[in-house]
Amino acid sequence: MAMTMTGEVQLAAARQAVWDKLNDPEVLKACIPGCEELEKTDEGGFRATAKMKVGPVSARFKGKVTLSDLDPPNGYKISGEGEGGVAGFAKGGATVGLADKDGGTLLSYNVEAQIGGKLAQLGQRLINGAAKKLADEFFANFAKAVQG
């Protein structure tokens, strides 16, 4: 099952500060809902473990994330894949852009993902709702982190 999601968030912080936090494993770990582990890898990406619940399906996902097309402090492309055992798998990517706006920074994102296994059987509506909720939670947490 394929899924796409786009959005933007206005942050009350300078673009360089937002960029720094987007590349800080401690900040990201604190902001990602259900994240248990997040560490930088030698290849310039991250290895992560997160516990998630989507509808009736709960799973601990282990995965890796790679950053590419790095354009500090304007944005990057993030791609990753996670394995959740019987719950299934998720893989995909996002383009993240940062721009100066209204004395702060406008962060825009465009996500494309594929999911399979039990998760995919839950249906597009439930998956999209859960993905939007996770994104909203992450950005609410991230906004607090960048605004100190």
Side-chain angles (χ1 to χ4, degrees), residues 1-13 15 17-70 73 75-99 101 104-148:
M1 176 192 303
M3 181 185 82
T4 59
M5 188 169 53
T6 59
E8 45 186 45
V9 183
Q10 177 68 27
L11 300 165
R15 191 161 25 143
V18 174
W19 174 263
D20 292 343
K21 299 256 193 262
L22 272 179
N23 288 281
D24 182 334
E26 288 304 309
V27 172
L28 294 174
K29 181 182 177 191
C31 294
I32 297 169
C35 190
E36 297 174 341
E37 281 180 73
L38 185 74
E39 56 189 39
K40 251 185 156 66
T41 61
D42 295 338
E43 303 87 53
F46 301 99
R47 194 174 15 259
T49 304
K51 192 172 182 185
M52 305 210 169
K53 184 168 170 40
V54 180
V57 179
S58 276
R60 178 170 278 116
F61 281 88
K62 288 180 182 287
K64 58 181 198 247
V65 173
T66 311
L67 304 179
S68 59
D69 299 345
L70 292 155
Y76 57 49
K77 187 170 170 54
I78 183 169
S79 45
E81 50 191 79
E83 200 48 65
V86 292
F89 70 89
K91 65 179 178 180
T95 307
V96 178
L98 302 176
K101 184 176 179 199
T105 303
L106 183 68
L107 182 153
S108 56
Y109 60 92
N110 188 341
V111 178
E112 286 184 26
Q114 265 117 32
I115 57 167
K118 265 191 183 170
L119 279 175
Q121 296 167 5
L122 293 175
Q124 192 85 36
R125 227 199 205 122
L126 185 59
I127 293 296
N128 286 348
K132 182 173 176 2
K133 184 174 174 262
L134 285 171
D136 290 347
E137 262 181 72
F138 171 80
F139 286 113
N141 294 342
F142 188 72
K144 282 184 201 136
V146 288
Q147 283 152 215

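Computation of the quantities below employed the complete heavy-atom set of this structure, encompassing side-chain atoms and omitting hydrogens, waters and symmetry-equivalent molecules. Bear in mind that the values here come from a model prediction, so they are computed numbers and not experimental data.
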>> So does Lys101 get a backbone contact from the side chain of Gln10, meaning a donor-acceptor N/O pair under 3.5 Å?
In response: yes
> Which residues satisfy the side chain to side chain donor-acceptor pair (under 3.5 Å) test with Lys132, sequence neighbours excluded?
Replying inline: Asp136
> Do you know the tightest heavy-atom contact between Pro25 and Phe46?
Replying inline: CG-CE2, 3.8 Å
>> Run the side chain to side chain contact (heavy atoms under 4.5 Å, CB included) test on Phe142 and Lys21 for me, step by step, so that the C-alpha distance in whole Å, both residues' side-chain angles and the decisive distance to 0.1 Å come before the verdict.
In response: CA-CA 8 Å; Phe142 188 72; Lys21 299 256 193 262; 3.8 Å; yes
>> As a quick check of understanding, evaluate side chain to side chain contact (heavy atoms under 4.5 Å, CB included) for Leu28 and Phe138, giving each step before the final call.
In response: CA-CA 9 Å; Leu28 294 174; Phe138 171 80; 4.0 Å; yes
>> With side chain to side chain contact (heavy atoms under 4.5 Å, CB included) as the criterion, how do Glu83 and Lys62 come out once you've worked through the C-alpha distance, each side chain's angles and the decisive distance to 0.1 Å?
In response: CA-CA 5 Å; Glu83 200 48 65; Lys62 288 180 182 287; 5.5 Å; no
> Side chain of Gln124, backbone of Ala2: donor and acceptor closer than 3.5 Å?
Replying inline: yes
>> On a heavy-atom basis, which atom in Cys35 and which in Lys29 lie closest, and how many Å separate them?
In response: CB-O, 3.6 Å
> Nearest 0.5 Å, what's the CD1-CG distance between Ile115 and Leu122?
Replying inline: 7.5 Å
> Got a second to check how far Ile32's CD1 is from Met52's CE, nearest 0.5 Å?
Replying inline: 7.5 Å
> Which atom names give the shortest non-hydrogen contact between Pro33 and Glu137, and what distance separates them?
Replying inline: CB-OE1, 3.5 Å
> Say you draw a straight line from CG of Leu134 to NZ of Lys53; how long is it, rounded to the nearest 0.5 Å?
Replying inline: 12.5 Å
>> Would you say that Asn23 contacts Tyr76 through its side chain, given a criterion of any heavy-atom pair below 4.5 Å between the two side chains?
In response: yes
> Where do Gly84 and Ala59 come nearest, in terms of heavy atoms and distance?
Replying inline: O-CB, 3.8 Å
> What is the distance from atom OG1 of Thr49 to atom CD of Glu39, rounded to the nearest 0.5 Å?
Replying inline: 8.0 Å
> Which atom pair, heavy atoms only, marks the closest approach of Ala87 to Val57?
Replying inline: CB-CG1, 3.6 Å
>> Quick one, Thr105 and Trp19 - any side-chain contact, counting heavy atoms below 4.5 Å?
In response: no
>> Working to the nearest 0.5 angstrom, can you tell me the gap between Asn110 CG and Lys77 NZ?
In response: 8.5 Å
>> Within the structure provided, determine whether Leu11 and Val9 are in side-chain contact (heavy-atom separation under 4.5 Å).
In response: yes
> Does a side-chain heavy-atom distance below 4.5 Å link Lys64 with Thr41?
Replying inline: no
> Which atom names give the shortest non-hydrogen contact between Gln147 and Ala12, and what distance separates them?
Replying inline: OE1-N, 3.0 Å
> Under 4.0 Å between a Lys/Arg side-chain N and an Asp/Glu carboxylate O for Arg60 and Glu36?
Replying inline: yes
> Is there a donor-acceptor pair closer than 3.5 Å between any side-chain N or O of Lys118 and the backbone N or O of Ala120?
Replying inline: no
> When rounded to the nearest 0.5 angstrom, what is the spacing between NZ in Lys40 and CD in Glu26?
Replying inline: 11.0 Å
